[in-house]
**Q** 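I have a structure I would like to understand better, so I am pasting it below and will then ask my questions one at a time.
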Amino acid sequence: MSNPELNDILCAIKQSCIELYQTVSNNNPFYLSSPVNSINSSSDTVLRVDLIANDIFHSILPQCPHIHGIISEEDKEPTYFPANQNAEYFIAFDPIDGSKNIENNITTGSIFCIFKYPYPIYDNDKNNKNRNEVRNEIEINDPYENIISDNQYERGINSGRDIVCAGYCLFGAHCQLLVSTKESTDLFTYNISTGLFELTIGQISLPNINPFYCINQGYSYLWYEESQLTAFIELQMMRGKSLRFVGSMVADVHRAIIKGGNFLYPSNSKHPNGRLRLLYEVYPMSFIFENIGGVAITDDNKPILDVYFPENWHQRSSILLFNNEDYEEFMAL
Ligand code: F6P
Ligand code: MG
């Protein structure tokens, strides 16, 4: 990575992932997956491993001086680091996606994305601007000024287009880290004897083959009738395509990246805004998919990275990840 600040941030993320991988592999899966009698801000039951994973990231990331603030699925609000108030990066992460799959020994993983603030946001000597000056500047320069809320002025981030790097770490038979920037998307495998992530595939591009389709088809009774989505699924079935659904987004998306196929989590009558969370599940996977030659849209055909940065940190979204062939078929319906 040519940007030294991003490099340092990635080192902190790697360190967190290794610690989490060791914790997951060395503890009783039934202990890790026991509920802790609370629900998080997205109304999911919190498991012991969710808290452990979140604590690991929270103890390691603040040590990196380039991180201004962080938010995770398990946090109600972001944490900002006063010592890093001039830092330019903000990180959103799902500490352990698919944690319900721990007790049956199925792959889970951490998902992250790194935003770079497009504007300086604090009073500081470096840029000699105070918050009001910055606000005025945004009002003049920002084409979306009317739609940006007060909160977003504070945060400065407009949308998923402000992501500069995203990735995930898989905890399965192997511990693997995928890191994606606009320049390159690379997959690394953790070598237990050296303690290092070693390059496995560099410059990944999405396979343009579609052996599988991937959706929780058990929810078809909740889908909207006669939608583009239902027509697409009927087409998959008519063609005799195999269905795959692990139930850990991170593992399902990884399969599509390595073996081809799609990942579809549409809205439905139970979750009219979609089920997965925009900031730390939907944005990062969309950023990765676009970088490797795929398409990431909501189920009403909006490019996900253009969706405005949410007012609610835990906002949900639909997500459809396609390679070009699938996307063209979907759009033709
Ligand atoms: O983080 C939410 C999650 O665990 C995803 O990893 C996964 O795709 C989804 O929930 C599965 O939920 P359901 O079984 O309700 O489809
Ligand atoms: Mg998750």
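We count ligands from 1, going down the list as the structure has it; atoms in each ligand are counted the same way. Every value quoted in this text rests on a predicted model; they were computed, and no experiment measured them. Side-chain atoms are counted along with the backbone in the values below, which use heavy atoms only and exclude waters and symmetry mates.
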**Q** Of the listed options (Asp97, Asn101, Ile111), which comes nearest to atom 3 (C) of ligand 1 when hydrogens are ignored and any heavy atom counts?
**A**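 That would be Asp97.
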
**Q** If you measure every N or O of Lys100 against every N or O of ligand 1, does any of those distances drop under 3.5 Å?
**A** no

**Q** Report whether any nitrogen, oxygen or sulfur of Asp94 sits less than 2.8 Å from the Mg ion (ligand 2) (N, O or S, backbone or side chain).
**A**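 Looking at Asp94, which is the residue asked about, there is an N, O or S atom under 2.8 Å from the Mg ion (ligand 2).
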
**Q** Tell me, which protein residue and heavy-atom name are nearest atom 14 (O) of ligand 1, and how many Å apart are they?
**A**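 The closest heavy atom on the protein side is Asn216 ND2, 3.7 Å.
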
**Q** Please step through side-chain contact (heavy atoms from CB on, under 4.5 Å) for the pair Gln228 and Phe330, ending with a clear verdict.
**A** CA-CA 7 Å; Gln228 227 174 330; Phe330 180 79; 3.5 Å; yes

**Q** Any non-hydrogen atom of Glu281 lying under 4.0 Å from ligand 1?
**A** yes

**Q** So which of the N, O or S atoms of Glu281 lies nearest the Mg ion (ligand 2)?
**A**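 Closest to the Mg ion (ligand 2) among those atoms: OE2.
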
**Q** State yes or no: are the ring centers of His271 and Tyr219 separated by less than 6.0 Å?
**A** no

**Q** Looking only at non-hydrogen atoms, which of Arg275, Met249, Arg277 approaches atom 10 (O) of ligand 1 most closely?
**A** Arg275

**Q** State, to 0.1 Å, how close Ala12 and Leu61 come at their nearest heavy-atom pair, and which atoms those are.
**A** CB-CD2, 3.9 Å

**Q** Do any nitrogen or oxygen atoms of Glu73 come within less than 3.5 Å of a nitrogen or oxygen of ligand 1?
**A** no

**Q** Between ligand 1 and Tyr265, is the shortest N or O to N or O distance under 3.5 Å?
**A** yes

**Q** Answer with yes or no after comparing the ring centroid distance for Phe112 and Tyr280 against a 6.0 Å cut-off, counting only values under it.
**A** no

**Q** Looking only at N, O or S atoms in Asp97, which is nearest to the Mg ion (ligand 2)?
**A**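 Looking only at N, O and S atoms of Asp97, the one nearest the Mg ion (ligand 2) is named OD1.
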
**Q** How about Phe322 and Phe289: are their ring centres within less than 6.0 Å of each other?
**A** no

**Q** Describe, in one word, how the ring planes of Tyr283 and Phe115 are oriented to each other, choosing from parallel (under 30°), tilted (30 to 60°) and perpendicular (over 60°).
**A**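 Perpendicular, since the angle between the ring planes exceeds 60°.
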
**Q** So, does His174 use its side chain to make a donor-acceptor pair with the main chain of Asn191 at under 3.5 Å?
**A** no

